[in-house]
Each structure stands twice: as C-alpha cells, then as structure tokens.
Protein chains: 2
Amino acid sequence: MEERKKQVLNAIIKDYIANAEPVGSRAVSKKYDLGVSPATIRNEMSDLEEEGYIEQPHTSAGRIPSAKGYRYYVDNMMQREPLTSAQRHQVREIMSGEFSELDSFMRSCCNMISRLTNYTSIAAVPEQGRGNLLNLQLVSINEYQVLVILLASTGIVRHKLFELPLPINAEELARIEQKLRQYLVGAELKNISYDMLRERLYDFQRQDKLAEQAFDLLEQTLTGETAHKIFTGGIMNMLSQPEFQDIEKLRSMMSIIEDDPQVEKLLQTSDSDQLTVTIGGEMPVEGAQDCSMVVANYFVNGEKAGSLGVLGPTRLNYSRTVSLMEFIAGELSRTMSDKDKKSQE
Amino acid sequence: MEERKKQVLNAIIKDYIANAEPVGSRAVSKKYDLGVSPATIRNEMSDLEEEGYIEQPHTSAGRIPSAKGYRYYVDNMMQREPLTSAQRHQVREIMSGEFSELDSFMRSCCNMISRLTNYTSIAAVPEQGRGNLLNLQLVSINEYQVLVILLASTGIVRHKLFELPLPINAEELARIEQKLRQYLVGAELKNISYDMLRERLYDFQRQDKLAEQAFDLLEQTLTGETAHKIFTGGIMNMLSQPEFQDIEKLRSMMSIIEDDPQVEKLLQTSDSDQLTVTIGGEMPVEGAQDCSMVVANYFVNGEKAGSLGVLGPTRLNYSRTVSLMEFIAGELSRTMSDKDKKSQE
DNA sequence: GATAGCACTCTCCCTCGTCGAGTGCTAATA
DNA sequence: TATTAGCACTCGACGAGGGAGAGTGCTATC
C-alpha cells in the first residue's frame with residue numbers, strides 16, 4: 001500500500017478509536033497533517049473504501065474502519081504504546097502480592113487488567129495443575145467418606161470428597177494411601193492420565209476390591225476434568241463503550257461473558273508466546289462479531305499455563321492493549337516461574 | 001384501610017408488576033372487577049395518592065405504586081404464589097446433586113435461582129466454616145514453606161500456604177502438628193478465635209520459637225477472615241427489565257453487583273429464619289434505591305449458615321419470589337443439614 | 001497529481017400539530 | 001351520602017416538516 005494511503009488509514013483508525021465517531025476528510029487533513037488538502041484525502045478515502053479497509057455508515061457521514069482495516073492496521077502499522085511507570089507499578093504490585101490461592105490471585109489479576117485497560121478481562125486456568133505430585137493424602141471423614149488431598153509442587157492444592165460404596169477402616173485406608181504415594185508421588189500431574197494410572201497401578205488394582213475403588217477414585221480426581229476455570233473482570237466496563245449503549249448488543253455480549261464454556265472457547269487461540277489479536281468477524285463465538293479481543297498466554301518454565309484476554313468493541317485501543325497484555329503476561333510468567341522454582345528447591 | 005381501597009391498591013400493584021406501565025382507573029375497573037365505575041376508582045386513587053401509596057409520573061398518566069405502596073402490599077395483602085411442580089423439581093434436582101465443593105454448589109444454586117426467578121441472584125457464605133475441626137495437617141513443601149490444611153466435620157476443606165521466616169525441618173513440623181492437633185481438633189471452628197487460641201496454646205507458645213510461628217500461622221488461617229464469599233448469578237437478567245433500559249441506572253446497579261463488599265452489605269439483613277423483603281429506599285447501599293430484594297437465610301442444624309437473595313427492580317414479583325426463596329432456602333437447609341449429620345456419623 | 005469550488009445527500013434536531021389516554025371536577029342519580 | 005356520567009383539560013407520544021451542518025463526489029482548474 002502506498003505510504004500516503006497508509007497514513008490516511010492510520011489517521012482514520014486512530015481518530016475513530018479515540019472518538020467513536022465517523023472521521024471526515026477535513027478532520028484527517030487538519031488533525032493529522034499530511035500536507036495535502038481534504039479533497040486529496042477524499043480521493044484516498046474513496047480508494048480505501050473500494051478496497052474494503054473503511055466504510056461509510058451513510059452518505060455524507062465520515063468513514064469508519066472495517067474489520068479488514070483494523071486487521072491491516074494491527075498487522076502492518078500499529079506501534080506499541082509505551083507503558084507509563086504507573087502502569088508498570090500497578091502490575092508489579094499485584095504480582096508481588098501473596099498468592100497461596102490461585103483463585104483469588106487470578107481474580108485480582110483480572111480486576112487489575114480491567115482497571116488498566118478499561119475493558120472486560122477474561123482468563124482461563126486449566127483445572128488440571130502443572131508441576132509434580134508432591135504429596136497425596138487420604139483422610140477418612142467417616143467410614144463411607146474419604147477426602148483426597150493432592151498437593152502439587154507448585155503449592156497448589158486440590159481436594160475432593162468421595163462417597164465409597166463399601167465401608168473402609170483406617171488401616172485399610174492407610175495401606176492404600178501408602179501404596180498410592182509409592183506409585184504416584186513425583187509424577188508430573190499432566191502425565192497422570194488414565195493410561196498411566198493403569199500402567200503403574202495394574203498389579204495393585206488386581207490385589208483387592210478396595211484398591212480398585214481407590215483406583216477409580218484417583219482416576220476421577222486426576223484425569224477427566226481438563227476443563228478450564230474461567231475468570232472475568234470489569235464486565236461493567238462494557239457499559240461505558242458507546243457501541244454497547246444499544247441494549248441488544250450488550251445483552252448478546254453479556255450472555256457470552258456469563259457463559260463459561262463460551263469464554264473458554266474464546267480463549268482457545270494459539271499456544272504460542274505471541275499475543276493473538278482477534279477482530280470482529282474472526283471471533284470464534286456466535287454473537288461476538290461486534291467485538292475484538294487480545295489474548296496472551298502465560299508460561300511457567302516455558303510451558304503454557306493459562307490464558308489472559310481483554311474483550312472490547314472492534315474499536316479497541318489495540319496499541320495500548322497489546323502493550324499492556326504483553327507486559328502483564330510476561331510478568332505473570334516470570335512471577336509464577338519464580339514461585340515454581342522456589343517450591344522445587 | 002377500607003376493603004375497596006385495598007383492592008384498588010392491589011389491582012394497581014399487580015397490574016404494574018405485570019406490565020411495567022402506569023395503571024389507569026379504566027383499566028382497574030375493567031380488568032379487576034370491583035363492581036364500580038372508573039370514576040369511583042379515580043376517587044379511591046386520588047385518596048391513595050394523597051396517602052402516599054401510589055404516585056403519578058405526570059398528569060394524565062395512570063398511577064404507579066410507591067415504595068410505601070409496595071411495603072403495604074408485602075406486609076398486609078400479598079399472597080404467596082403456589083409453586084409449580086416443575087419449579088420444585090428443578091430445585092430438588094440441584095439439591096440432590098453431588099457437592100464436595102461448596103463453591104461450585106453455591107454457584108449452581110445461584111444460577112438456578114436466576115433461572116427460576118428471572119432476576120439477579122446473590123449469595124454469601126461465611127469463609128469461616130461451620131462445624132468442628134476434624135483434622136489439621138501441616139505439609140512441608142520446602143523448608144520455608146508449609147501448607148496448612150484444615151478439615152471441618154462438614155467435609156469442607158480449607159488450606160493456606162505459609163512462608164516461614166525461619167527454616168523448619170520435618171521432625172519439628174511433625175512435633176508442632178502433633179501439638180496443634182492435640183489442642184485444637186474437636187473444637188468448633190467458629191470458636192477458634194484469637195482468645196481461644198491464646199488460652200489453649202499459651203504454654204505451648206512459650207515453649208519455643210517455632211511454636212510461636214505456628215501460633216501466628218494458625219491465627220491467620222483460622223481467625224480474622226470473617227469475610228463472606230460472594231456469589232452472583234443471572235446478572236444478564238437485569239438487562240431484560242424495562243427499568244434498566246436506561247444505561248445509567250444499569251451501570252449504578254452493575255457497579256454494586258460487581259463489588260463484593262457491597263453485595264455482602266446487602267445480604268446482611270436479619271439472622272432470623274424469616275425472609276427479609278427490602279424495598280427501594282430501604283436498600284442499605286447507595287445507588288440501589290431503584291431496586292428491591294428478597295433475602296433468605298439458610299440454616300444447618302438450626303444455625304445460620306449463609307444467605308441467599310434475589311435482586312430486581314422495585315417492581316419485583318414479590319409474591320412469586322417470596323414463595324420461591326422460601327422453598328429454596330428450606331430445601332438448602334434440609335440438604336445441608338442432612339449432609340452434615342451424615343458426615344458426623 | 002493536487003486542489004478549490006459547488007451541488008448534493010443525509011442525519012440531527014427542533015418545532016408544530018394531532019391523537020389518545022387519563023385525570024379532576026361538577027352535576028345528576030340511586 | 002356514595003356513586004356515576006359527562007366533559008373540559010393536561011400531558012406525553014408520534015409523525016411530519018424544515019433548517020443547519022457535516023461530509024461527500026464530481027468537475028474544472030492549477
């Protein structure tokens with residue numbers, strides 16, 4: 001694309017992102033001095049429209065960027081907005097806080113992202129933990145109920161209460177616990193699949209009826225649930241966006257944000273360490289076509305551990321949002337990797 | 001209040017709840033046959049307005065109920081709407097489901113309430129568990145990190161990761177664990193206050209430096225956090241209410257619903273087993289004056305265990321909502337008490 | 001190729017007039 | 001005395017009409 005046309009497109013997008021109103025040729029020529037008159041701009045705009053980068057809500061209105069326009073901007077022209085020190089500070093503050101509970105930590109991350117971006121934030125964390133199985137405890141509550149507590153090397157704890165079909169006494173339980181520890185402690189959590197369980201516990205399982213129960217029980221706790229835990233924040237920020245003054249649009253977005261599986265689907269983009277920017281029609285969920293999002297993955301020791309995203313109108317401030325999300329995901333990866341290393345010591 | 005005036009007020013409230021539009025004298029006389037002409041109704045309405053039970057948005061509009069009118073209706077005239085068997089069924093279905101995780105159970109309760117009422121639901125569960133301390137475990141992650149796991153008789157588990165200022169080895173940890181168990185297992189969780197800890201552990205605490213650490217640690221885990229965990233559901237239902245088509249009103253409600261402490265404040269009504277109906281200006285939170293709510297407490301073995309509420313416009317369907325919430329809170333109390341008894345066996 | 005000029009188009013906003021719903025008052029009625 | 005019918009009045013909703021303003025596309029000119 002010729003340089004001047006690029007500049008015109010850039011001006012239109014920037015202005016529209018800032019003001020949410022169609023941009024006219026006069027405004028472009030005045031505010032962003034390209035050294036040419038409005039008439040010239042008009043010709044360029046006419047071309048840009050023909051090529052599908054911008055569109056006109058109606059004759060005698062200015063132009064607004066199309067999804068294709070935003071895409072071109074993000075891919076070829078966008079420059080990352082430098083972060084202020086206040087922004088960096090806010091992120092680091094959250095990161096340096098305590099977090100023995102992953103849940104509440106992710107929640108405050110989401111709130112921080114919403115505060116910084118003024119958009120709705122979403123995040124997904126796999127239910128299945130990372131790290132190795134550090135310890136495993138079976139606690140008898142009564143003879144029909146057993147509490148299984150799993151401790152990962154990351155300091156994350158999971159627990160589940162099980163109802164047994166047959167009663168069990170303390171000695172038997174201790175014996176099973178012993179055996180399970182022997183076979184499973186040290187294994188990587190993500191490797192504890194059905195097959196792996198079967199392999200390691202094959203002999204044990206044959207041994208007696210109760211062991212078989214324990215087998216079923218572990219299988220349920222450890223495998224199966226590959227679902228992600230979903231967090232959202234700053235839903236209210238949607239309300240301040242002029243594009244969502246229309247209640248119907250708002251409702252269609254809200255129903256997606258409130259529905260965990262849909263949000264999970266949104267966050268399933270790439271597994272790379274690059275941000276993913278998804279614009280308008282590219283959104284993978286029905287009814288989110290008026291939105292864009294910026295999704296970043298975070299990594300613990302080089303391995304993908306979860307996703308963070310920001311959801312807003314297609315008129316998203318891509319430049320700022322990308323900078324912020326890149327920084328936040330980086331800090332989060334660093335913080336969680338540190339923590340992980342520390343707990344492995 | 002004279003019988004006929006009551007009937008007129010009743011008709012106005014019912015009609016307004018159903019249609020969200022000012023009710024005229026003609027409509028009252030026609031739809032709710034009181035056997036008198038519109039002119040007579042008009043006189044009654046004029047009286048009701050003078051006494052503050054209804055108001056007029058403007059001359060030549062019908063009347064709408066005032067907060068005082070709703071209050072009178074709820075206190076003196078309202079009849080509980082009988083539940084359908086489908087509604088009962090839905091509630092019982094959720095109740096009979098598994099719930100080893102209190103969190104996800106409460107979440108699905110909230111969703112159910114929203115589905116049944118078509119309003120936004122809110123719930124609060126005290127972080128501090130009910131029941132007795134059944135077991136306590138200290139798990140060493142590395143020499144500076146200890147995971148404290150608390151198991152309540154209700155099957156609810158809490159855990160917290162602690163960073164120690166001094167390293168600790170396995171034997172010492174085991175010794176402390178032993179002591180703590182000895183002193184604390186069996187105690188009622190809600191009684192484990194700072195004072196109680198001090199009393200029981202006084203000698204122990206003096207014993208050595210590490211025990212003192214353990215003391216601090218337990219104090220943090222067990223006391224202090226009297227905060228409630230807040231759940232919400234069906235936020236989207238707000239959008240379908242005609243009174244919240246105005247984005248500003250919507251925003252003021254949303255900002256309250258998104259803010260846990262505010263929701264907690266809303267739910268702090270009475271501790272009795274009666275429902276609390278709060279209407280318009282009675283709402284304890286700034287900015288919620290256009291709303292009403294119905295709050296029910298649920299009880300485990302006769303003791304208050306948490307609160308459930310429904311949040312909607314003042315034009316709330318009190319009759320149906322009260323019936324539903326009464327039923328749901330009752331079922332929830334029953335289910336959780338059963339579970340509690342079962343785990344005590 | 002860039003620009004100035006100009007007619008044209010379309011939205012926004014204001015005003016005006018009509019319509020209809022609903023009221024309050026008054027006089028008549030049971 | 002309570003109820004009702006009749007009637008003038010008020011006010012918001014709605015649609016038509018018109019001016020203002022923003023922005024365009026086209027054409028002729030530099």
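Residue numbering restarts at 1 for every chain, and letters A, B, ... go by the order of the sequence lines.
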(request) Kindly assign one of parallel, tilted or perpendicular to the pair Tyr53(B) and Tyr72(B), based on the angle between their ring planes and the thresholds 30° and 60°. (result) perpendicular
(message) Taking any heavy-atom pair under 4.0 Å as a contact, classify Ala39(B): base, sugar-phosphate, or nothing.
(response) base
(message) Check this for me: does any side-chain nitrogen of one of Glu51(B) and Lys5(B) sit under 4.0 Å from a carboxylate oxygen of the other?
(response) yes
(request) Quickly work out the Asp15(A) CG to dG23(D) C1' distance and round it to whole Å. (result) 14 Å
(message) Measuring to OP1 and OP2 of dG1(C), would you say a side-chain N or O of Arg42(A) lies under 4.0 angstrom away?
(response) no
(request) From the options dT3(C), dT23(C), dT24(D), select the nucleotide whose nearest atom is closest to the side chain of Arg63(B). (result) dT23(C)
(message) Without decimals, in angstroms, what is the distance between Asn43(A) CG and dT24(D) P?
(response) 11 Å
(request) Give the nucleotide from the list dC11(D), dA2(C), dT23(C) with an atom nearest to the side chain of Thr40(A). (result) dA2(C)
(request) Select one nucleotide: of dT9(C), dC11(D), dT3(D), the one nearest the side-chain heavy atoms of Ser60(A). (result) dT9(C)
(message) For DNA chain D, please output the secondary structure as dot-bracket, reading 5' to 3'. Pairs are Watson-Crick or G-U wobble, both atom distances under 3.5 Å; mark crossing pairs with [ ], other-strand partners with |, unpaired with a dot.
(response) ||||||||||||||||||||||||||||||
(request) Would you confirm whether Ser29(A), through its side chain, and Ser25(A), through its main-chain N or O, come within 3.5 Å as a donor-acceptor pair? (result) no
(request) In whole angstrom, give the distance that lies between atom CD1 of Ile12(A) and atom C1' of dG23(D). (result) 13 Å
(message) Using whole Å, what does the distance between atom P of nucleotide dG12(D) and atom CD of Glu21(B) come to?
(response) 16 Å
(message) Whole angstroms only, please: what is the CD1-P distance between Ile64(A) and dG23(D)?
(response) 14 Å
(message) Using whole Å, what does the distance between atom P of nucleotide dT4(D) and atom CG of Leu34(B) come to?
(response) 11 Å
(message) Any side-chain N or O of Ser25(A) below 4.0 angstrom from OP1/OP2 of dT24(D)?
(response) yes
(message) Does either side chain, that of Arg80(B) or that of Ser323(B), offer a donor lying less than 3.5 Å from an acceptor on the other one?
(response) no
(request) Please state how far atom CD in Gln56(A) lies from atom C1' in dG23(D), giving the value in whole angstrom units. (result) 8 Å
(request) Could you tell me whether His89(A) atom NE2 has more than 12 heavy atoms of other residues or ligands within 6.0 Å of it? (result) no
(request) Name the closest nucleotide to the Ser37(B) side chain, picking from dT23(C), dA5(D), dG23(D). (result) dA5(D)
(request) Please check the phosphate of dT23(C) (OP1 and OP2 only) for any side-chain N or O of Arg26(B) closer than 4.0 Å. (result) no
(message) When you compare the side chains of Tyr32(B) and Asp15(B), does any donor N or O come within less than 3.5 Å of an acceptor on the partner?
(response) yes
(message) dT10(D), OP1 or OP2 - any side-chain N/O from Thr59(B) closer than 4.0 Å?
(response) no
(request) Give the nucleotide from the list dT3(D), dT11(C), dT24(D) with an atom nearest to the side chain of Arg4(B). (result) dT3(D)
(request) Rounded to the nearest angstrom, tell me the gap between atom CD1 in Ile41(B) and atom P in dT4(D). (result) 9 Å
(message) Looking only at the side chains, is there a donor atom on one of Thr117(B) and Thr321(B) sitting less than 3.5 Å from an acceptor on the other?
(response) no
(request) Decide whether Ser307(A) and Asn297(A) meet the rule of one side-chain donor and one side-chain acceptor closer than 3.5 Å. (result) yes
